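Here the structure is a predicted model, which is why all the values come from computation and not from measurement. In the text below, chain A, chain B and the rest are named by the order of the sequence lines, each starting its count at 1.
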2 protein chains.
Amino acid sequence: MFTVIGERINTTLKKVQAAVAERDFEYIANDVKLQTEAGATYIDVNAGARIGHEEEDMKWLLEVVQGVTTLPLCLDSPDPKILEVAYGLVSNKPLVNSISLEKDRFDPMIKYLKGKECGVIALCMDDAGMPKTVEDIVARAKTLVKELEAIGFQREDIFIDPLIQPMSVDGNNGNVAMEAIKTIMTDLEGVHTTGGLSNISFGLPERRIVNRCFLAMMIANGFDSAIMDHLDKDIMALTTTADMIAGNDDFCMNFLKSVRAGKVVS
Amino acid sequence: MFTVIGERINTTLKKVQAAVAERDFEYIANDVKLQTEAGATYIDVNAGARIGHEEEDMKWLLEVVQGVTTLPLCLDSPDPKILEVAYGLVSNKPLVNSISLEKDRFDPMIKYLKGKECGVIALCMDDAGMPKTVEDIVARAKTLVKELEAIGFQREDIFIDPLIQPMSVDGNNGNVAMEAIKTIMTDLEGVHTTGGLSNISFGLPERRIVNRCFLAMMIANGFDSAIMDHLDKDIMALTTTADMIAGNDDFCMNFLKSVRAGKVVS
C-alpha cells in the first residue's frame with residue numbers, strides 16, 4: 001500500500017510556526033488528529049524554521065504529536081544533533097528526512113544513521129547540484145543505496161527521492177521523474193521511492209490538479225510514497241484510486257473501504 | 001496533442017436512441033455543439049442499435065452532426081456496407097471504428113478499407129477472444145499494423161485499441177493495459193493508441209474517478225487518444241493536465257489556455 005508522509009507539521013508554514021512559537025497545543029494536536037484520520041502512514045515533523053530554537057521546538061512538537069497519534073514519525077532536519085535528540089524521544093521506528101550525497105551532509109548523516117533502527121529518505125542530490133537527467137538520478141540513487149547497505153540498511157528502509165523539478169522550467173521534467181522512478185524501482189528492487197510532489201507545479205496556476213494528476217502518473221511508474229498534504233481530499237482520493245489501478249490493492253479492498261467511508265467520491 | 005473521440009452520439013444510449021427514432025434534431029445538434037466546445041477531436045457516430053434502421057439512421061445523423069460541427073467524424077459500425085454509405089457522406093477524412101482480427105470482421109473490413117482515405121481503430125481481438133496478456137495484445141497489434149500497412153495505411157492513421165478489461169475481474173488488468181500501451185508505442189513507433197476507458201471501472205462504485213485516474217496513468221505510458229465522454233469536465237481537465245505532464249504540451253500552452261477558459265480547475 002502507498003506510504004503517505006503527511007507534510008503539514010512544518011515550521012516553514014506560517015501558521016505552524018506561530019503555533020509552535022506560542023506553544024499552541026490545540027492547533028498542532030488537531031492537525032495531527034486530522035492527518036491520522038485522513039490516512040497518513042508517517043507524520044513529518046520539521047522544527048527548523050525558528051533559528052536557534054530547533055531543539056526545544058522539536059522536543060515540544062514530538063511530545064504533542066505523540067500525545068495524539070500512534071503513527072510513526074518522519075524526523076525532518078538536516079542536523080544530526082537534532083535528529084539524535086529526536087531519535088531518543090520517538091515511540092515507534094521513525095523515518096529520517098534526509099541524507100544526500102552532498103559531502104557536508106553525507107558524512108555526518110552516515111555517521112548518525114549507523115546502527116539506528118529507522119527508515120531514511122535519500123535525496124538524489126550531490127555537490128554538482130540538482131540532477132539533470134534520468135541517468136544522473138539513477139546513478140545517485142545507486143550510490144546512496146550502496147552506501148546505506150554498507151552500514152546495514154535494508155532496502156525496504158530506504159526511500160529514494162529523485163528530486164522532482166517544475167514543468168514550468170522544462171516541459172520534460174515530468175517524464176524525467178517518471179522514467180527515473182521506473183528505472184529505480186526495477187534496478188534497485190525492494191527500495192521505496194518518495195518525494196515532494198508540489199515541486200512539479202511550481203510556477204503554474206491550479207497547482208492542486210497538477211500535483212494530484214502527476215501523483216497518479218508517478219504511481220503508474222511504481223512510485224510508492226509521497227511527502228504530501230493528504231488533507232486535500234482530492235489528492236488522497238486519486239492516490240487511493242491510482243494505487244488500486246497499479247495493482248497494489250488486493251480485491252480493491254482499500255478502494256472499496258475508502259468509497260464506503262466517503263473518502264473517494266467521483 | 002491528445003486525440004479525444006467523443007462517444008456520446010451512440011444509439012445504444014437510451015436518450016440518443018429515442019432522439020434518433022423521433023428525428024429530434026435539437027437534441028443531437030445541441031449535444032454535438034457541446035462536444036465541439038468541450039474539445040473533441042472526432043465525434044463518434046454509432047447508429048447500430050435500431051435493428052433494420054442503421055443505414056437510414058446513420059444518414060440522418062451524419063446530416064445533423066455535420067450541420068453543426070466541422071470536426072471530423074468517427075464512423076462506428078461493424079458493417080462495411082453502412083461504412084461505405086457513411087464514407088460517401090462525410091466532409092472530412094474520417095476515422096473508421098473498427099477492424100479486428102476476428103476472421104468474420106477482418107476480411108470484409110480489409111476489403112472496405114483498401115484505398116480509403118481514413119484513419120482506423122484496430123481492436124486487439126481475434127477468434128481466440130479477448131487478449132489475456134501483454135504479449136497477446138502486442139502480438140495482435142503488430143499483426144494489425146502489418147496488415148494495414150500492406151494495404152497502404154500509414155502508422156499515423158492507425159489507432160490500436162488494446163481492449164481494456166475491468167479491475168473488478170483481475171487486479172492486474174490496469175497494469176496489463178499500461179504495459180501493453182508502453183510496448184506498442186515503443187515497438188510500433190508512429191501509431192496511436194486508443195480505447196474505451198470506462199471498461200476499467202466496470203463493477204466498481206464511483207466509476208468516474210476510476211476512469212479519469214486510469215486515463216492519467218495511461219497517458220503516463222504514452223496513450224494518446226481515448227473514446228470517452230469528454231463533457232465530464234473532471235476527466236477533460238485531468239486529460240489536459242496529464243498530457244502537459246507527459247511532455248506533449250509545448251510551454252504548457254494548452255494547459256494555460258484551458259485554465260484561462262475555466263476548463264481546468266483544481
Side-chain angles (χ1 to χ4, degrees), chain A residues 164 166-179 181-182 200-201 203-223 232 234-235 237-253 255-256 258-260 262-266, chain B residues 164 166-179 181-182 200-201 203-223 232 234-235 237-253 255-256 258-260 262-266:
Chain A
I164 293 157
M167 290 303 298
S168 57
V169 170
D170 185 331
N172 203 34
N173 277 339
N175 284 326
V176 167
M178 290 191 282
E179 253 190 83
I181 293 302
K182 195 162 191 98
I200 196 72
S201 61
L204 290 177
E206 301 297 340
R207 294 186 63 176
R208 289 174 57 235
I209 193 171
V210 178
N211 296 344
R212 68 177 177 266
C213 183
F214 179 59
L215 180 51
M217 296 168 82
M218 289 284 274
I219 291 174
N221 283 283
F223 199 57
D232 176 334
D234 294 320
I235 201 171
L238 215 59
T239 303
T240 302
T241 307
D243 205 39
M244 183 258 297
I245 292 171
N248 304 323
D249 181 10
D250 287 349
F251 305 104
C252 311
M253 293 286 276
F255 174 80
L256 294 170
S258 300
V259 168
R260 280 193 298 270
K263 291 177 178 176
V264 173
V265 180
S266 277
Chain B
I164 292 157
M167 289 303 299
S168 58
V169 170
D170 185 331
N172 203 34
N173 277 338
N175 284 326
V176 167
M178 290 191 282
E179 252 189 82
I181 293 303
K182 194 162 192 101
I200 195 73
S201 62
L204 289 177
E206 301 296 341
R207 294 186 62 177
R208 289 174 57 237
I209 193 171
V210 178
N211 297 343
R212 70 177 177 266
C213 183
F214 179 59
L215 180 51
M217 294 169 82
M218 290 284 274
I219 291 173
N221 284 284
F223 199 56
D232 177 334
D234 294 321
I235 201 170
L238 215 59
T239 303
T240 301
T241 306
D243 206 38
M244 183 258 295
I245 292 171
N248 305 322
D249 181 9
D250 287 347
F251 305 104
C252 310
M253 293 285 277
F255 174 79
L256 293 171
S258 300
V259 168
R260 281 193 298 270
K263 290 178 176 175
V264 172
V265 180
S266 275

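Atoms OG1 and CD, from B/T240 and A/E206 in turn, are 12.5 Å apart once rounded to the nearest 0.5 Å. Atom NZ of residue B/K182 and atom NZ of residue A/K182 lie 5.5 Å apart, to the nearest 0.5 angstrom. Atom CE of B/M217 is separated from atom SG of A/C213 by 11.0 Å, given to the nearest 0.5 angstrom.
Residue A/V264 touches chain B through both its backbone and its side chain, counting heavy-atom pairs closer than 4.5 Å. For a residue to count as touching a neighbouring chain, one of its non-hydrogen atoms must lie under 4.5 Å from one of that chain's; by this rule A/D234 touches chain B with the side chain only. Contacts between B/V259 and chain A at a heavy-atom distance below 4.5 Å involve the side chain alone, from C-beta outward. Contacts of B/F251 with chain A are absent, with no heavy-atom separation under 4.5 Å from either backbone or side chain. For A/D249, no part sits under 4.5 Å from any heavy atom of chain B, backbone or side chain. Both the backbone and the side chain of A/M167 come within contact range of chain B, each with at least one heavy atom under 4.5 Å from a heavy atom of that chain. For a residue to count as touching a neighbouring chain, one of its non-hydrogen atoms must lie under 4.5 Å from one of that chain's; by this rule B/M218 does not touch chain A. Neither the backbone nor the side chain of B/A177 has a heavy atom closer than 4.5 Å to any heavy atom of chain A.
For the set A/C252, A/A237, A/A220, A/G247, the count of heavy-atom pairs under 4.5 angstrom toward chain B peaks at A/A220. Ranked by non-hydrogen atom pairs under 4.5 Å with chain A, the options B/L204, B/N172, B/D250 are led by B/L204. Here B/S266 is the residue among B/G174, B/S266, B/S168 with the most heavy-atom pairs under 4.5 Å with chain A. Options A/I245, A/I200, A/N221, A/N175 differ in how many heavy-atom pairs under 4.5 Å they form with chain B, and the most are formed by A/I245.
Counting only distance, with no hydrogens or angles, the side chain of A/T241 and the backbone of B/V210 share no donor-acceptor pair below 3.5 Å.
A/D170 meets the side-chain hydrogen bond (donor to acceptor under 3.5 Å, both in side chains) test with no other residue; sequence neighbours excluded. Take A/S201 and apply the side-chain hydrogen bond (donor to acceptor under 3.5 Å, both in side chains) test, not counting sequence neighbours, and it matches A/R207, A/N211.
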Working for side-chain contact (heavy atoms from CB on, under 4.5 Å), residues A/L238 and B/I209: CA-CA 7 Å; A/L238 215 59; B/I209 193 171; 3.9 Å; yes
